[in-house]
Colleague: 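The structure is given below, and queries will be raised subsequently.
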Amino acid sequence: VVLNADDAPASGLAIVADQTTTPVPPLPPLGARKVGFRFRTPAIDRPGEHPVTIKLLRGEETLDSTTIKLRVRTRDQSYKVTFVSDIDGSVQYYAVNPARPVGDPAGRSKPALFLSLHGAGVEAIGQAEAYEPKSWGHIVAPTNRRPFGFDWEDWGRLDAIEVLEHAQQRLGTDPRRTYLTGHSMGGHGTWQVGATFPDRFAAIGPSAGWISFWSYAGARRPEAPNAIQEMFLRAACPSDTLGLATNYANQGVYILHGDADDNVPVVQARTMRKRLEEFHRDLHAFEQPGAGHWWDASDEPGTDCVDWAPMFDLFARRTLPALDEVRQVDFVTANPGVSSRSSWAEVLAQVHPLRPSAIHLRLDPGLRRFRGTTDNVSRLALDLDPVPTGGPVVVELDGKGPGPTERPAGARRLRFERRGDAWHAASAPDPALKGSHRSGPFKEAFRHRFVLVFGTKGDAAENAATLAKARYDAETFWYRGNGSVDLIADTAFDPNADRDRGVILYGNAETNAAWDPLLGGSPVQVRRGSIAVGGREFQGDSLACLFLRPRPGSHRASVAAVAATGLAGMRLTANLPYFVSGAAFPDLTVLGLDDGKLAIRAAGFFGDDWGVDSGEFAWGDVKE
């Protein structure tokens with residue numbers, strides 16, 4: 001972490017480690033930033049510690065130096081792997097407890113991968129080392145971005161999947177033998193990640209896992225939500241574990257808990273068991289009598305509350321089916337921008353944003369026929385790889401057509417869209433529309449190496465306020481998410497460069513020079529004293545607005561605005577905890593003060609075309 005204790009920006013710095021130089025990005029005044037660096041070491045043939053001297057330089061001048069010690073590991077010891085995250089360009093790590101094959105490894109299948117999610121306050125390396133090494137697979141433990149992090153939701157969920165994909169490629173594991181487990185907060189993560197990505201894991205094993213923020217963390221659902229509360233509940237829909245529970249149907253599930261757990265009550269496990277018993281055919285559960293939250297009941301290596309032999313026995317008997325082995329897909333998603341597919345079917349778009357979307361589809365290969373029902377789905381794709389060639393593909397959705405559909409030459413999938421009550425064959429959708437590649441809500445903009453851009457075109461107080469908020473967000477993401485975020489002035493930002501990076505703008509159309517090139521065509525406009533949303537206008541200097549839009553020129557990245565109509569409005573944004581897991585915001589939120597109290601003026605979701613008129617919004621006090 002590099003600190004700039006000056007009240008002016010710092011640039012021209014570099015970190016030198018073992019004669020390898022890494023430039024330090026510009027630092028804001030009175031700011032701090034985690035900086036990744038590269039280094040080279042000679043080959044080391046003995047275990048122990050290897051010292052690395054790190055220097056911070058400005059030109060030839062050494063400003064600071066320190067020495068860190070790296071563990072040198074043998075091939076059969078647990079170790080850390082560092083990588084550059086696509087979320088923010090920061091350096092992250094995951095831990096590996098490597099497989100220790102027995103006998104002749106020749107002819108053995110690719111190793112399995114066990115993705116193990118740690119509990120609150122636990123380091124990933126400690127999680128990996130709580131297991132006895134397995135002969136048939138690698139234990140991989142991501143970080144959740146911090147020992148507390150994001151409860152394996154939001155950026156914690158992204159970290160888990162990013163690590164899974166990195167480790168699968170690096171370790172050469174068998175994707176059909178991938179398993180998910182975790183303890184405590186990691187048990188909750190197992191429920192969450194397993195339900196969100198059901199076709200990635202052959203079996204899951206939550207231990208001492210809590211269900212959701214509503215069941216365990218104190219969140220409360222209003223008994224009779226008003227229209228604005230309903231929008232925020234919809235934004236939080238991806239956190240509703242029970243709402244996604246039917247996705248566990250095709251995974252083996254082993255629920256483990258101590259029946260005297262005073263940290264995560266055993267009722268959490270019993271509630272999930274009762275819910276799954278309604279439909280699940282491969283459900284196993286065990287409660288250790290008299291055991292608390294963390295327990296070990298045997299003298300075998302490994303800690304039983306995570307390294308539970310019967311759970312791994314279940315894993316050993318389960319593999320993911322190949323695509324052509326899947327006849328039935330039953331899948332629920334709260335947001336296709338988070339999770340869109342299961343096996344050969346993909347939900348591309350929703351009718352009502354952030355309400356659960358479900359598909360129940362059957363493939364009859366001999367008839368070259370897909371048939372089934374959908375709920376809250378407006379666009380759908382079906383992969384053709386498991387369908388025999390030789391004739392048209394018959395598709396029946398919701399008891400209707402579109403009927404026989406010719407397979408275009410070389411096509412790997414068919415796409416359909418719902419118009420009114422009927423389904424029609426469709427071409428690839430315009431990437432400018434919402435879809436699995438890019439959607440809301442607001443927090444989804446903080447992806448793809450996002451950059452924070454503060455305004456400098458206001459008066460001195462306005463400029464100071466936007467810089468302070470942007471700096472606060474950058475350092476919050478460092479502190480909460482072990483992140484490293486570029487923070488630059490609007491005058492230094494090039495809107496035509498790096499168009500696939502996410503951008504967060506601070507200020508408004510009059511105070512941020514990057515607003516017009518990025519948000520000039522937006523139906524939401526924020527200026528001094530007013531916010532316009534479509535044909536509606538909110539007036540006052542104490543208004544704040546959060547919203548996101550597609551980034552011009554990109555089919556991947558988004559632009560988000562942390563905007564205000566005046567200094568009082570910018571102060572309101574300090575109270576919006578969008579880096580806290582469980583705190584959900586829709587595509588658009590307009591806030592103000594009502595007799596000194598925070599009041600929501602508008603909240604909701606843009607339509608499929610990112611429009612206001614095509615969207616769904618709840619309105620408070622507005623001037624027509």
Colleague: Are D608 and R418 within salt-bridge range, i.e. N to O under 4.0 Å?
Modeller: no
Colleague: Could you check whether E278 pairs with R273 (Lys NZ or Arg NE/NH1/NH2 to Asp/Glu carboxylate O, under 4.0 Å)?
Modeller: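 No salt bridge links E278 with R273.
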Colleague: Hey, mind stepping through F150 and R157 against side chain to side chain contact (heavy atoms under 4.5 Å, CB included) and telling me if it holds?
Modeller: CA-CA 8 Å; F150 300 107; R157 178 188 66 239; over 6 Å; no
Colleague: Hey, what's the ring geometry for F450 with F446, parallel, tilted or perpendicular (30° and 60° as the breaks)?
Modeller: perpendicular
Colleague: Cut-off 3.5 Å, side chains only: do S85 and Q92 have a donor facing an acceptor?
Modeller: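 Side chains of S85 and Q92: no pair found under 3.5 Å.
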Colleague: Between F442 and F547, is the gap from one ring center to the other below 6.0 Å?
Modeller: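 That pair fails the under 6.0 Å test.
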Colleague: Is the closest basic N to carboxylate O distance between D174 and K110 below 4.0 Å?
Modeller: no
Colleague: Take R438 and D587, measure what salt bridge (Lys or Arg N to Asp or Glu O under 4.0 Å) needs, and give me the verdict at the end.
Modeller: CA-CA 12 Å; R438 177 174 55 193; D587 291 357; over 6 Å; no
Colleague: Centroid-to-centroid, Y179 to F201, below 6.0 Å?
Modeller: no
Colleague: For the ring pair (Phe, Tyr, Trp, His ring centres under 6.0 Å) test, which of F286, F114, Y131 pairs with W308?
Modeller: F286
Colleague: Ion pair present between E417 and R419, side-chain N to carboxylate O less than 4.0 angstrom?
Modeller: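 A salt bridge links E417 with R419.
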Colleague: Taking the side chain from S184 and the backbone from G186, do they hold a donor-acceptor pair closer than 3.5 Å?
Modeller: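 Absent.
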Colleague: Checking D154 against S581: is there a side-chain donor and acceptor pair closer than 3.5 Å?
Modeller: no
Colleague: Please check this pair: side chain of K134 against backbone of F312, looking for a donor-acceptor N/O pair closer than 3.5 Å.
Modeller: no
Colleague: Is the shortest distance from a Lys or Arg side-chain nitrogen in K443 or E153 to a carboxylate oxygen in the other one below 4.0 Å?
Modeller: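 No, K443 and E153 are not salt-bridged.
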Colleague: Does a side-chain N-to-carboxylate-O contact under 4.0 Å join R318 and D282?
Modeller: yes
Colleague: Within the side chain of Q268, is there an N or O that forms a donor-acceptor pair under 3.5 Å with the backbone of I211?
Modeller: yes
Colleague: Any side-chain donor-acceptor pair under 3.5 Å between S614 and D609?
Modeller: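 Per modelled atom types, S614 and D609 side chains form a pair under 3.5 Å.
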Colleague: Yes or no on ring pair (Phe, Tyr, Trp, His ring centres under 6.0 Å) for H118 and W152, after CA distance, side-chain angles and deciding distance?
Modeller: CA-CA 9 Å; H118 66 73; W152 299 107; 5.2 Å; yes
Colleague: Aromatic rings W191 and Y248: how do their planes relate, parallel, tilted or perpendicular, breaks at 30° and 60°?
Modeller: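 Perpendicular, since the angle between the ring planes exceeds 60°.
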Colleague: Do you see a donor-acceptor pair shorter than 3.5 Å between the side chains of S439 and E444?
Modeller: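 Not at all, the side chains of S439 and E444 share no donor-acceptor pair under 3.5 Å.
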Colleague: Between R270 and D259, is there a side-chain N and carboxylate O pair less than 4.0 Å apart?
Modeller: no
Colleague: Do D88 and R145 meet the salt-bridge criterion of a basic N to acidic O distance under 4.0 Å?
Modeller: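 A salt bridge links R145 with D88.
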Colleague: Would you call the rings of W294 and H183 parallel, tilted or perpendicular, where under 30° means parallel and over 60° means perpendicular?
Modeller: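 The arrangement is perpendicular - the two ring planes meet at more than 60°.
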Colleague: Has H555 got a side-chain atom pairing as donor or acceptor with A432's backbone, closer than 3.5 angstrom?
Modeller: no
Colleague: Centres of the F315 and Y254 rings: under 6.0 Å?
Modeller: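 No.
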Colleague: Using a strict cut-off of less than 4.0 Å between a Lys/Arg side-chain nitrogen and an Asp/Glu carboxylate oxygen, indicate whether R551 and D500 qualify as a salt bridge.
Modeller: no
Colleague: Give a yes or no on this: more than 12 heavy atoms of other residues, nucleotides or ligands lie within 6.0 Å of atom CD of Q169.
Modeller: no
